[in-house]
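What follows is a set of notes on a single structure, which appears directly below.
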Amino acid sequence: AQSVTQPDIHITVSEGASLELRCNYSYGATPYLFWYVQSPGQGLQLLLKYFSGDTLVQGIKGFEAEFKRSQSSFNLRKPSVHWSDAAEYFCAVVGTRSGGSYIPTFGRGTSLIVHP
Amino acid sequence: GAGVSQTPSNKVTEKGKYVELRCDPISGHTALYWYRQSLGQGPEFLIYFQGTGAADDSGLPNDRFFAVRPEGSVSTLKIQRTERGDSAVYLCASSASLTSGGGTDTQYFGPGTRLTVL
């Protein structure tokens with residue numbers, strides 16, 4: 001079974017600073033990996049996804065993530081954080097479930113706090 | 001509407017009561033997913049529909065939970081004999097299901113229904 005670890009429950013950064021959110025996954029085969037963002041009162045929104053090919057993936061809102069197979073990681077980065085980026089961020093891995101379908105398994109999330 | 005909608009946005013009930021949570025997916029999306037998100041946790045899969053049928057219900061925690069999608073669009077999650085441990089945000093997502101088996105397609109999430117069982 002697949003699993004995702006987001007080791008940081010909270011991350012605090014200053015506006016304009018760079019950001020890296022960590023994600024480690026466990027899955028026996030080539031993973032499909034996702035990052036979602038959840039703002040208060042909003043549904044989860046897909047930021048980016050990795051299926052294959054270039055290991056550096058560009059997403060929306062200026063985010064990018066890099067897949068590193070050797071480290072089983074898929075860390076999310078942004079060079080300059082804006083106050084509106086304050087939200088909950090979830091990493092997810094897709095692998096086969098016992099029911100036979102491909103369903104995302106989510107990490108517990110990292111809460112991003114942005115200081116002015 | 002343009003996105004996935006869920007009603008009600010909040011539901012407070014008493015232990016032992018029956019509740020229904022509704023999800024309206026994006027028009028034309030054949031795949032629909034239900035997740036449960038407890039406080040401080042990520043979404044946890046419950047059930048996945050492909051059209052009218054439940055393609056994977058392996059995430060339903062017990063037989064008190066049931067979901068239907070009779071016409072392949074709107075879905076209802078039903079919880080019988082609610083328990084305090086059922087308190088959570090219930091999320092619905094839909095996708096165009098461009099690939100078989102679900103999951104790798106982009107899922108569009110609704111805002112969720114916050115269920116509180118007193």
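Just so it is clear, the values below take in all heavy atoms, side chains as well, and ignore hydrogens, waters and symmetry mates. Protein chains get the first letters and strands the later ones, always in sequence-line order, with residue 1 at the start of each.
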Notebook entry, point to check: In this structure, are over 12 heavy atoms from other groups packed under 6.0 Å from Tyr25(A) atom OH?
Noted result: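 For Tyr25(A), atom OH is crowded (more than 12 foreign heavy atoms under 6.0 Å).
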
Note to self: If you count heavy atoms of other groups shown closer than 6.0 angstrom to CD of Gln58(A), is the number above 12?
What the structure shows: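 More than 12 heavy atoms, drawn from other residues, nucleotides or ligands, come within 6.0 Å of this atom.
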
Margin query: At a heavy-atom distance under 4.5 Å, which candidate from Gly41(A), Gly43(A), Gly109(A) has the highest pair count against chain B?
Written below: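 Highest number of pairs under 4.5 Å: Gly43(A).
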
Note to self: Are Tyr48(B) and Ile103(A) packed together at the side-chain level, in the sense that at least one heavy-atom pair is separated by less than 4.5 angstrom?
What the structure shows: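 Sidechains of Ile103(A) and Tyr48(B): in contact.
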
Is there a path from [X] to [Y] through hydrophobic residues (I, L, V, M, F, W, Y) whose side chains come within less than 4.5 Å of each other?
| X | Y | result |
| --- | --- | --- |
| Tyr18(B) | Leu46(B) | no |
| Leu33(A) | Val4(A) | yes |
| Val114(A) | Leu76(A) | yes |
| Tyr102(A) | Tyr33(B) | yes |

Note to self: Please classify the contact between Gln6(A) and chain B as side chain, backbone, both or neither, with a heavy-atom cut-off of under 4.5 Å.
What the structure shows: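 The answer is neither part of Gln6(A).
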
Notebook entry, point to check: Which bit of Leu44(A) is near chain B, if near means a heavy-atom gap under 4.5 Å: side chain, backbone, both or neither?
Noted result: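 Both the backbone and the side chain of Leu44(A) come within 4.5 Å of chain B.
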
Margin query: Working to the nearest 0.5 angstrom, can you tell me the gap between Gln38(A) CD and Phe109(B) CZ?
Written below: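 It is 9.0 Å, given to the nearest 0.5 Å.
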
Next item on the list: Please report the closest heavy-atom contact between Gln37(B) and Phe90(A), naming both atoms and the distance.
Entry: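 In this case the closest contact between Gln37(B) and Phe90(A) is NE2-CZ, 3.2 Å.
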
Notebook entry, point to check: Do Tyr35(B) and Phe106(A) have their ring centres less than 6.0 Å from each other?
Noted result: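 For Tyr35(B) and Phe106(A), the ring centres are under 6.0 Å apart.
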
Margin query: According to salt bridge (charged side-chain N to carboxylate O under 4.0 Å, His left out), does anything in residues 69-78 of chain A pair up with another residue at least two apart or in another chain? List the pairs.
Written below: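 As it turns out, the salt bridge (charged side-chain N to carboxylate O under 4.0 Å, His left out) pairs with a partner in residues 69-78 of chain A, which skip direct neighbours, are Glu64(A)-Arg77(A), Glu66(A)-Arg77(A), Lys78(A)-Asp85(A).
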
Check: Using a cut-off of under 4.5 Å for heavy-atom pairs, which of Pro111(B), Ala93(B), Ser38(B) has the most such pairs with chain A?
Finding: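 Of the candidates given, the most pairs with chain A belong to Pro111(B).
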
Notebook entry, point to check: Are Thr106(B) and Lys49(A) close enough, and set up right, to give a side-chain contact (heavy atoms from CB on, under 4.5 Å), and what steps lead you there?
Noted result: CA-CA 9 Å; Thr106(B) 296; Lys49(A) 58 187 176 183; 2.9 Å; yes

